[in-house]
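Structure record follows, encoded as structure tokens.
Note that ligands are numbered from 1 as they come in the structure, with each ligand's atoms numbered from 1 the same way.
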Amino acid sequence: MSLLSKAPSFRSFTLALIQLGGIGPDKPKNLQHAREMIRQAVTGHTKKPDLIVLPECFNSPYGHVHFPVYAENIGYTHGKPYDVSQSQSESVKMLSEAAKEADIWLIGGSIPELADGKVYNTCTVYNPKGELVTIHRKVHLFDIDIPGKITFKESETLTGGTSINMFDTDFARIGLGICYDVRFPELTMIAARQGCQVLIYPGAFNTTTGPLHWELLQRSRAVDNQVFFSMCSPARDLTAGYHAWGHSMAVDPMGKILGEAAEGEEIVYADVDPTVLENARSGIPVTVQRRFDVYPDVSKLLS
Ligand SMILES: O=C(O)CCC(=O)C(=O)O
């Protein structure tokens with residue numbers, strides 16, 4: 001776990017989720033389109049966003065056969081901001097330039113990453129100077145089999161990450177996960193107890209599990225932990241091999257949906273207001289009512 005010191009003070013900020021469309025086999029085209037959409041997210045709202053988010057697997061088609069083909073060597077080692085001019089990854093270079101040009105924080109969705117001969121599904125995060133500040137490798141691989149509906153096995157080609165990751169901005173401490181990670185409440189709970197006020201998971205649910213679980217899981221994680229929770233999906237493309245659910249959304253600590261996309265390409269904005277978190281925690285004080293004499297505080301087990 002990348003353990004940080006005291007959480008920064010939490011202040012209002014604007015979040016933009018880019019529900020990116022047109023993701024196809026042409027990587028340079030995917031990158032160019034993502035860059036254009038980042039520019040659009042910066043100018044397309046009354047208030048310039050402080051933080052922009054891209055979806056899971058935004059630079060390649062989604063599927064285990066594609067991951068090794070599109071994987072890039074990022075070259076990041078945890079611990080300090082990383083100057084991406086050292087990186088061999090064209091996606092990382094684009095994201096860094098985009099963050100710097102726009103002067104915003106950027107959660108660069110996820111990309112297939114090659115490191116030590118293994119392939120990971122990896123989220124990269126940039127500060128407004130364009131430095132890569134942290135990465136999150138998807139911890140829980142998406143291996144499911146719902147007969148007649150969907151079978152998916154990321155573990156055919158991917159390796160799971162081994163750390164819980166978060167980063168500090170000047171407006172919040174933000175915890176990371178990727179898609180299937182949302183089904184494992186421990187990850188969110190630990191990040192929240194380590195001071196994250198906001199959790200952001202790039203994701204790409206599908207048309208089988210999406211209608212039942214996408215919103216339910218986000219609102220549950222938000223209410224369980226009294227944090228802001230948000231997932232950013234690719235747009236649905238019925239010509240692609242994988243049909244993403246879409247519906248990128250942001251939820252507040254009371255479980256209220258602050259903004260939600262439909263299925264197509266769209267940018268969703270949400271204003272994150274710390275008083276909602278404060279009021280949720282003072283009105284329903286579960287964060288100070290936990291019974292660690294009855295069950296362990298798992299966030300402490302890792303420290
Ligand atoms: O959990 C689900 O239903 C979908 C997960 C998924 O699509 C993913 O991890 O990429």
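Annotation: atom 8 (C) of ligand 1 to nearest protein heavy atom, C179 SG, 3.0 Å. If you check which protein heavy atom lies closest to atom 1 (O) of ligand 1, you get R183 NE, 2.6 Å.
Proximity to Y242 (heavy-atom distance under 4.0 Å) selects the following atoms of ligand 1: 7 (O). With ligand atoms numbered from 1 in the order given, ligand 1 contributes 8 (C), 9 (O), 10 (O) to contacts under 4.0 Å with heavy atoms of K138.
Annotation: D116, atom CG; neighbour count of heavy atoms from other residues, nucleotides and ligands within 6.0 Å does not exceed 12.
For the pair R137 and Y120, the cation-pi test (distance below 6.0 Å, angle within 45°) is passed.
Using modelled atom types, no side-chain atom of E260 and backbone atom of S248 make a donor-acceptor pair closer than 3.5 Å.
At a heavy-atom cutoff of 4.0 Å, ligand 1 is contacted by the side chain of Y62 but not by its backbone. Residue-level proximity to ligand 1 for W245 is absent, since no heavy atom of it falls below 4.0 angstrom.
Under a 4.0 Å N-O distance rule, the pair D297/R193 qualifies as a salt bridge.
By the 3.5 Å distance cut-off applied to N or O atoms, Y180 is counted among the residues near ligand 1. Inclusion of A204 in the set of residues having an N or O under 3.5 Å from an N or O of ligand 1 is warranted.
Ring geometry, Y242 versus F142: the interplanar angle exceeds 60°, so the pair is classed perpendicular (tilted spans 30 to 60°).
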Pair I74-L132, side-chain contact (heavy atoms from CB on, under 4.5 Å): steps then yes or no = CA-CA 10 Å; I74 295 173; L132 175 52; 3.8 Å; yes
